[in-house]
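Below, chain A is the first sequence line, B the second, and so on; all start at residue 1. Only a predicted model underlies this, so the values are computations on that prediction, with no experimental measurement involved.
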2 protein chains.
Amino acid sequence: MPVEMLRELPLDQILLGDAGTMLRMLPDASVNCVFADPPYNLQLRGELRRPDDSVVDGVDDDWDKFDDFAAYDAFTKVWLSECRRVLNKDGTIWVIGSYHNIFRIGAMMQDLGFWILNDVIWRKTNPMPNFRGRRFTNAHETMIWAAKSKQSRYKFNYQSMKALNDDLQMRSDWTLPLCTGNERLKNVHGLKLHPTQKPEALLHRVIMASTGPGDVIVDPFLGSGTTAAVAKRLHRHFIGIERHPAYVEAAWGRLAAEERAPRNAVVAPPSGRETPRIAFGSFVERGIIRPGTQVMDKQRRFAAEVTAEGGLVSGPHRGSIHQVGAAVQNAPSCNGWTFWHYERDGQLLALDVLRKENKEG
Amino acid sequence: MPVEMLRELPLDQILLGDAGTMLRMLPDASVNCVFADPPYNLQLRGELRRPDDSVVDGVDDDWDKFDDFAAYDAFTKVWLSECRRVLNKDGTIWVIGSYHNIFRIGAMMQDLGFWILNDVIWRKTNPMPNFRGRRFTNAHETMIWAAKSKQSRYKFNYQSMKALNDDLQMRSDWTLPLCTGNERLKNVHGLKLHPTQKPEALLHRVIMASTGPGDVIVDPFLGSGTTAAVAKRLHRHFIGIERHPAYVEAAWGRLAAEERAPRNAVVAPPSGRETPRIAFGSFVERGIIRPGTQVMDKQRRFAAEVTAEGGLVSGPHRGSIHQVGAAVQNAPSCNGWTFWHYERDGQLLALDVLRKENKEG
DNA sequence: TCGGAGAATGAATCGTCGG
DNA sequence: TCCGACGATTCATTCTCCG
């Protein structure tokens, strides 16, 4: 079946169809980044029960069923090859998986000419236990981050990552909770809409690390739309691909409710020393504080705005909560945690309450 | 080149030679466990040969990396296949690597019929920083733990692992420091003897998790001998293979200094599954529980009565403690030992306390 | 409205033995 | 090789309910 190639990128659209077919419609070397969360090929057998005899709601969807490894490899080769064609020469790709599929995917990526930059571990704070005591608790998933080729001059926002990590280099293991609570999309019955919805904090870090404002990110397995929502929030363009109309519809609804952060909150920080230093970034990443949130001192004499990398901007001043606090007062130093406040439920609260409320901060 | 197969296992020996050749000397299905830390340098000139046995040349052109991958795959296939042959039917293998090689290894393990049980992340507390600031700090290595086949009834010392982890299930991510200080072997110049000496803590956990005292562990890339030293300490047998005489010599020196732990320190805790079974009837027989005793679940929602033949009766339900427990709850199965309770001295005690109080049924 | 108890739940390749 | 019985086994977090 001949596929018509689009002459313009379908920016900020969700294409209904399977990954291979839809990717073929996109022009060569036209996008900056790919985030892919393909089926894992879990190969689950019977039902699994918890010690209290309740049944685990496993992933039994048709889209995760393959006859054998050969079938899975054939499927993988199609979409990975198309992703590589669509990426521009300096583009990068992220693929997430578990031990069921990630080794096959990684080997194939190398065979196709991708150049692996890192494997990144998502360490789950609250994984499902191993109920039968037969293996180690499966407490992580693996992401592969790779450039289109060894020659790619890829983008890595080193300073943003360092700022997000208390002024230490960001490591290859990221500790983040599962997607639960209000963030988890529900269907009309109040049950989870999608069995494998990824947390927004994960996508926030991925997008902040490897793209800039205005870049184009393709997600060939969009699912519930996390990639699209976070891309919109951070002023990146997205192109989503999803086979199931119900997921496409839910993703559109989610996007409608998602607001862009203020423009100056997502500008990349200057490289060099005057960069924010704090774990304040973790609150931004986890959505506890949104980029663009207004903060002020207790007397409301000074105001500033939260940036996507976990710092502040106030007029010409940009940097950590401490640096900007000092700058606006024209003071030599400042404890941003106690100086800056924000409004919540009509109250003015010091940023410090965030640390007290969130031990992991 | 014909290789003579040994008639007896070379227990607690270090074989000088390359992994593939030496593994061929070991009999089929003769060992319990393999720990492998293979080289991952894809530019191993001279060591790597193509499947047709031609030597990979030193060209570093882009297209040549495909040859490098093919050569590495051929090298990997030889030693992995031999490891699988040498493992007994319930044996397991551990392989450690980084993103350079672990994906190729994992995919090949699946293709050879190994059944992956977990991928385990070694999270380094003190990794080498990324000096150029172009990637995430490479702060982990990946281990694949796999059984010889899907049908293997592999060993996993669940209770030992749980005890090692403060009475919580051991997770798939292990946080351990690099091998440094006195543990790190030095050469005569005071420089590190081996570039990738693994910490003993890592091998301790590997060996404790998947083997028992007296088991045989093969390390086809012994290096500085960490596997052998920890195996000896924990009363396991080892068979080491190493192609560099200097490493073999250092490993023997290390083994000479290594003392076995006291015998009773390495006995695995009773794992429940292995403790001898006691029939509930024996307690009735011996008069510890009288026929007619009332039993109930913890919430006192269900009640039943002990029968003279060591079962229970509850309304229309009659049978073993497990069967009646399942029947009254309308559940598919039930552990009667922990479900049913009885009153003694005003306290509600699970029937299970009887087994703990009367170890010799 | 607040606090405590109890229920719910998450990408999961989750038995062994005897007849 | 199949079938039935026995019985081993859960962590972090959020939500709901009730007093």
Under 4.0 Å between any heavy atoms, over every strand shown, what does A:Cys179 touch: base, sugar-phosphate, or nothing? Just pick one. nothing

Output the rounded distance in Å from CG (B:Leu117) to P (C:dG15). 12 Å

According to a strict under-4.0 Å criterion, is B:His322 in side-chain N/O contact with OP1 or OP2 of D:dC6? no

Closest to the 5' end of DNA chain C, once B:Phe114 and A:Ser54 are matched to their nearest nucleotides, is A:Ser54

What does A:Pro177 touch in the nucleic acid at a heavy-atom separation under 4.0 angstrom: a base, only the sugar-phosphate, or nothing? nothing

At 4.0 Å (heavy atoms only), tell me whether A:Arg134 reaches a base, stays on the sugar-phosphate, or touches nothing. sugar-phosphate

Tell me if C:dT13 is syn or anti. Syn = glycosidic torsion within 90° of 0, anti otherwise. syn

To the nearest angstrom, the CG-P distance between A:Asp52 and C:dG6 comes to 14 Å

When rounded to the nearest Å, what value does the distance between C1' atoms of D:dA12 and C:dT13 take? 23 Å

Rounded to whole Å, how long is the line connecting atom CZ of A:Arg184 with atom P of D:dA12? 19 Å

If you count heavy atoms of other groups shown closer than 6.0 angstrom to CG of A:Asn182, is the number above 12? no

Mapping A:Gly133 and A:Leu191 to their closest nucleotides on DNA chain C, which lands nearer the 5' end? A:Leu191

Who does C:dT13 pair with, Watson-Crick or G-U, both distances under 3.5 Å? none

Please determine, for the side chain of A:Tyr40, which listed nucleotide (C:dA12, D:dG7, C:dA11) has the closest atom? C:dA11

Rounded C1' spacing from D:dC6 to C:dG10 in Å: 29 Å

Which listed nucleotide (D:dT10, C:dA11, D:dT9) is nearest to the side chain of A:Trp63? C:dA11

Name the closest nucleotide to the B:Arg355 side chain, picking from C:dA11, D:dA8, C:dT13. D:dA8

Considering every strand and a 4.0 Å limit on heavy-atom distances, what is the contact class for A:Gly46: base, sugar-phosphate, or nothing? base

Take atom CZ in A:Arg45; do more than 12 heavy atoms of anything else shown fall under 6.0 Å from it? no

What is the distance, to the nearest angstrom, from the NZ atom on B:Lys298 to the P atom on C:dG6? 10 Å

Stacked cation flag A:Arg104 on A:Tyr72, 6.0 angstrom / 45 deg: no

Which nucleotide sits closest to the side chain of B:Ile116: D:dT13, D:dG7, C:dT13? C:dT13

Which of these nucleotides, D:dG7, D:dC11, C:dT13, is closest to any side-chain atom of A:Leu44? C:dT13

Quick one: which of D:dA8, C:dC14, C:dT13 gets closest to the side chain of A:Asn130? C:dC14

Partner of D:dA8 by Watson-Crick or G-U wobble geometry, both contacts under 3.5 Å, or none? none

May I ask you to verify if any side-chain N or O of A:Lys192 is less than 4.0 angstrom from the OP1 or OP2 atom of C:dG10? yes

Look at the aromatic rings of B:Phe339 and B:Phe302 and report parallel, tilted or perpendicular, splitting at 30° and 60°. tilted

Can you tell me if A:Arg132 touches the phosphate of C:dG15, counting only side-chain N or O atoms and a distance under 4.0 Å to OP1 or OP2? yes

What integer distance in Å separates A:Glu141:CD from C:dG10:C1'? 11 Å

Identify which nucleotide among C:dC14, D:dG7, C:dG10 has an atom closest to any side-chain atom of A:Leu48, counting heavy atoms from C-beta outward. C:dC14

In whole Å, what separates the P atom of C:dT9 from that of D:dA8? 28 Å

What does A:Thr180 touch in the nucleic acid at a heavy-atom separation under 4.0 angstrom: a base, only the sugar-phosphate, or nothing? sugar-phosphate

In terms of heavy-atom contacts, does NZ of A:Lys192 have more than 12 from other residues, nucleotides or ligands at under 6.0 Å? yes

What's the CE-P distance between A:Met128 and C:dT13, to the nearest Å? 7 Å

So does B:Gln159 get a side-chain nitrogen or oxygen closer than 4.0 Å to the phosphate oxygens (OP1/OP2) of D:dT9? yes

So which one's nearest nucleotide on DNA chain D is more toward 5', B:Ile321 or A:Gly181? B:Ile321

Aromatic ring pairing A:Phe221/A:Phe75, orientation class (parallel under 30°, perpendicular over 60°, tilted between): tilted

Side-chain heavy-atom pair B:Cys33, B:Asp215 within 4.5 angstrom cut-off: no

Looking at C:dC14, D:dC11, D:dC15, which one has an atom nearest to any side-chain atom of A:Asn182? D:dC15

Please work out if A:Pro38 contacts a base, only the sugar-phosphate, or nothing of the nucleic acid, heavy-atom cut-off 4.0 Å. base

Given that both distances must come in under 3.5 Å, which nucleotide forms a Watson-Crick or G-U wobble pair with D:dT1? none

What is the ring orientation for A:Trp145 with A:Trp94, classed by angle as parallel under 30°, tilted 30 to 60°, or perpendicular over 60°? parallel

From the options D:dT10, C:dA12, D:dA8, select the nucleotide whose nearest atom is closest to the side chain of A:Asn138. C:dA12

Which one, C:dA12, C:dT13, D:dT10, comes nearest to the side chain of A:Arg135? C:dT13

Can you measure B:Lys162 atom NZ to D:dT9 atom P for me and round it to whole angstrom units? 8 Å

Indicate, yes or no, whether a donor-acceptor pair under 3.5 Å links the base of C:dG10 to the side chain of A:Arg50. yes

Check for me: is A:Phe131 stacked on C:dC14 by the 5.5 Å centroid and 30° plane-angle rule? no

Over all strands shown, is A:Asp37 touching base, sugar-phosphate only, or nothing at heavy-atom distances under 4.0 angstrom? base

Would you kindly give the OH-to-P distance between B:Tyr158 and D:dT9, to the nearest whole Å? 7 Å

Measuring to OP1 and OP2 of D:dT10, would you say a side-chain N or O of A:Thr137 lies under 4.0 angstrom away? no

